[in-house]
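Here is the structure we will look at, set down as structure tokens.
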Amino acid sequence: MAIKSMPRGQFGMERLEVMDKSGADAIHVNSLYLLENMGIKVVSDRARALLKEAGAEVDEKTKICKIPNYLIDEQMRKCKRPVKMAARDPEKDFVLDGRHCYACTDGVGLSTIDLETGERRPSTKKDVGESAKVVDYLPMMHMYNPIVTPLDVPEHAHTVHEFEESMINCSKHYTTGSTYKREEAIYELKMAAAIVGGEKELKRRPIISNLTCTTSPLVLGMTTDAAIEFSRAGCPPLLMAMPLIGATAPMTVAGATLLGNAQVIACATVLQLAAPGSPLCYSSEPMAMDVQTGLMEGLFPAANMVRAAHVQMARYYDIPIFIGGWGSCSKVPDVQSGYEKAFSAFIAYLSGADMTSGPGMLENWTVLSYEQLIIDHEMFTMMADMLKGVPVNDDTLAIATIEAVGQEGHFMGKKHTIDHAREMWQPMVTDGQPYKNWKAGGCKNAADHARDKAKEILKTHEVEPLADDIVKELAAIVKEAETKIPKK
Amino acid sequence: MAGEEEKQSIISELENSVKTLQEEAAIEAVQKAVAAGVDPVAAIEEGLAKGIREVGEKFARKEMFVVELIYAAEIMGGAIKVLEPELKKAASKRNVIAQVVIGTVAGDIHDIGKNLVKIMLEAGGFEVHDIGKDAANELFVDKSKEVGAGIVGASSLMTTTVGMQKEVVDALRAAGVAAPVMVGGAAVTEEWAKEIGATYSADAGTSVDTAKQLAGKGA
């Protein structure tokens with residue numbers, strides 16, 4: 001069941017906990033309190049009907065649903081690990097078992113830093129395909145969410161175009177980050193079923209998952225309708241809380257964590273009522289408001305702490321979590337994007353996040369940079385190397401080798417060294433050369449190396465092709481979807 | 001009726017309470033103003049609005065935070081509520097640079113930016129008619145006609161709704177409303193504004209200058 005060909009991150013140490021046990025209890029208990037006493041506005045008619053039938057107090061006029069504690073507890077017990085994320089290429093399936101971690105791209109960017117000109121331009125379907133191809137190549141990128149929204153396809157049907165282009169160019173698990181309408185979900189699921197060979201097979205091997213946004217504060221929007229379709233098809237929705245600290249959520253980390261958590265467990269309750277026992281994941285992509293300017297930014301430490309607290313809550317419920325992270329406000333791949341992204345991603349993984357998304361994006365998840373995608377992948381490989389922790393046993397202690405080398409010797413030619421040398425982290429684009437060689441090579445920094453690498457990948461990497469008849473079928477479904485998905 | 005000196009001191013209290021973000025002090029001062037028969041227009045113009053303009057200036061200089069500006073607006077709004085019955089009785093009216101109709105376009109529910117612009121414009125001497133979020137094009141048109149809008153502001157955060165700004169401009173023009181349109185929001189660029197025949201306003205801080213230019217009052 002585990003992956004055969006894809007390397008993955010492995011947790012080898014205690015997970016970081018940013019709240020003590022009573023803190024996590026308090027987030028849970030007060031989430032229940034808010035949902036039962038204040039209630040959550042549920043815009044979707046189907047979701048409201050499910051809640052009403054299960055015993056929630058529903059006001060059809062205000063659409064506010066007061067959900068009893070017992071109902072939430074009962075439904076939360078139905079969502080359990082493991083959750084399987086299958087891929088177009090079955091060798092790239094993986095299982096969220098709580099002991100491994102994975103990386104995904106984030107989506108819905110609007111512009112691309114052109115690989116050739118270095119200039120920003122509106123993003124296209126070709127960018128979706130090319131970034132998918134790069135992800136297909138990068139060994140430690142495990143799933144693909146279209147980094148940009150193509151602006152050269154009919155707007156109302158952009159999600160099916162994204163899925164089509166991604167499936168042609170990437171054989172890994174697919175996550176849709178912008179499926180807001182039920183009809184879009186229906187057509188994406190139809191395409192996914194066509195690829196794996198039917199609905200039943202899709203339930204067994206869900207090659208698509210769906211990021212479904214809840215709205216802060218305390219609203220489940222129409223996206224819930226799309227999520228219900230995914231749940232019923234056995235393809236995991238990732239229930240995303242996106243509290244904007246200081247704006248749509250309290251200014252405090254605990255308050256924003258509480259609000260987001262309440263939204264996620266309310267949404268999980270709806271989906272378990274819709275499809276009992278169906279797989280789902282917790283998800284969180286908080287941002288913070290710059291109190292000075294009012295701009296929403298991904299960079300603030302407070303937002304990263306909400307991420308870590310939400311990872312702790314997902315672990316509290318024992319459900320996998322997908323963290324939207326790697327936030328950076330920087331406009332180009334530079335020092336700032338490096339440190340912002342490293343802190344954001346690493347604290348999520350240290351806390352035990354199963355998956356994070358965000359590699360390849362700049363300026364608050366709005367711009368695709370191929371260079372940054374490759375640099376972020378590099379950072380993840382470094383993080384994964386540290387997350388392994390320190391295994392201590394006779395072999396790793398290497399006592400016999402230390403004795404054999406003696407005082408003032410060296411370890412370079414020893415069998416033990418050779419046995420473990422291949423485990424050592426290796427750079428793809430990080431520049432480790434001495435000054436003289438670096439200067440002779442044109443003074444290239446990591447971004448320059450990454451640009452070269454991206455060009456090389458696009459030129460030489462061959463994606464395991466989709467069968468011709470499936471490509472044709474997908475095109476036909478996209479065509480039909482264009483006429484059936486409502487324009488508004 | 002209180003003496004001029006006392007009235008002046010109450011007006012200063014109003015200004016200070018907004019400037020220093022003292023919610024209770026503002027309500028106290030405004031109740032004093034009503035009891036002392038302070039001209040409600042003076043209470044607003046020389047007291048509350050003066051206070052918030054100062055907060056706005058400090059915000060522009062990055063000495064105060066946007067959350068403090070919003071709080072100052074809430075304090076001012078609460079005080080104005082107390083003054084409303086007096087305002088209705090008063091003969092004088094506020095000096096208004098122009099009537100502004102502002103809203104977040106249809107399909108978009110993001111209204112934080114729009115609300116900030118509203119506060120800044122109100123503090124800057126405009127009368128702002130807020131038609132809210134997810135506002136239909138007709139609402140922009142009807143409200144503009146109703147109040148004789150000198151400026152219309154349309155906000156959009158999402159790229160999926162930014163096209164609605166063009167529809168707002170087109171709907172206004174089709175209905176014979178000639179008022180200049182200001183557009184803003186995360187998804188909006190200067191080029192887009194030009195393309196649809198509108199004026200770009202990058203953020204709340206610069207919106208007052210932009211609006212003053214559009215109203216022919218030069219910043």
Side-chain angles (χ1 to χ4, degrees), chain A residues 41 43 107-111 120-123 148-159 177-181 184 213 215-217 219 221-223 242-252 287-298 329 363-367 485-488, chain B residues 21 55-73 104-120 133-134 136-137 155-164 166-167 184-192 195 201-207:
Chain A
K41 182 172 173 177
V43 182
V108 210
L110 297 158
S111 45
R120 261 192 209 205
R121 54 167 177 74
S123 40
V148 287
T149 301
L151 302 178
D152 54 350
V153 302
E155 188 189 306
H156 70 287
H158 70 92
T159 48
S178 57
T179 299
Y180 302 135
K181 290 178 277 200
E184 292 174 291
C213 286
T215 311
S216 285
V219 180
M222 290 309 286
T223 53
M242 207 170 174
L244 305 179
I245 302 169
T248 65
M251 200 71 231
T252 46
M287 292 173 92
M289 183 181 64
D290 180 337
V291 289
Q292 179 70 69
T293 60
L295 291 173
M296 297 302 153
E297 310 268 33
C329 300
E363 207 185 347
N364 300 312
W365 303 279
T366 57
V367 184
I485 295 174
K487 295 207 169 162
K488 297 266 169 184
Chain B
L21 310 177
V55 174
E57 282 159 22
K58 282 190 174 173
F59 168 66
R61 288 200 302 270
K62 299 198 169 189
E63 287 165 24
M64 282 182 98
F65 292 163
V66 69
V67 281
E68 293 170 324
L69 174 61
I70 294 172
Y71 187 46
T104 301
V105 298
D108 198 339
I109 54 159
H110 300 89
D111 62 354
I112 293 170
K114 182 263 296 169
N115 293 345
L116 287 178
V117 172
K118 177 185 167 190
I119 294 165
M120 292 305 283
K133 57 194 175 185
D134 192 12
N137 299 343
S155 168
S156 170
L157 178 118
M158 302 193 301
T159 42
T160 47
T161 55
V162 76
M164 291 307 292
K166 181 177 184 324
E167 291 191 20
V188 184
T189 61
E190 182 120 44
E191 296 77 50
W192 167 248
E195 190 185 322
S201 170
D203 52 52
T206 56
S207 64

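Per chain, numbering begins at 1; letters A, B, ... match sequence-line order. Heavy-atom basis, side chains included; hydrogens, waters and symmetry copies ignored.
Neither the backbone nor the side chain of L69(B) comes within less than 4.5 Å of any heavy atom in chain A. In this structure, the portion of D290(A) lying under 4.5 Å from any heavy atom of chain B is its backbone and not its side chain. In this structure, no portion of S178(A) lies under 4.5 Å from any heavy atom of chain B. Of the two parts of Q292(A), the backbone and the side chain both hold a non-hydrogen atom closer than 4.5 Å to a non-hydrogen atom of chain B. Only the backbone of E63(B) comes within less than 4.5 Å of a heavy atom in chain A; its side chain stays farther off.
How far NE2 of H158(A) is from OG1 of T149(A): 5.5 Å, rounded to the nearest 0.5 Å. Taking CE of M287(A) as the reference point, atom SG of C329(A) lies at 7.5 Å (rounded to 0.5 Å).
Between F65(B) and F59(B), the shortest heavy-atom distance links the atoms C-CD1, 3.9 Å.
For chain B, the option among V291(A), V108(A), T248(A) with the highest count of heavy-atom pairs below 4.5 Å is V291(A).
In this structure, D108(B) contributes its side chain and S156(B) its backbone to no donor-acceptor pair below 3.5 Å.
Checking T179(A) against T159(A) by side-chain atom types alone, no donor-acceptor pair falls below 3.5 Å.
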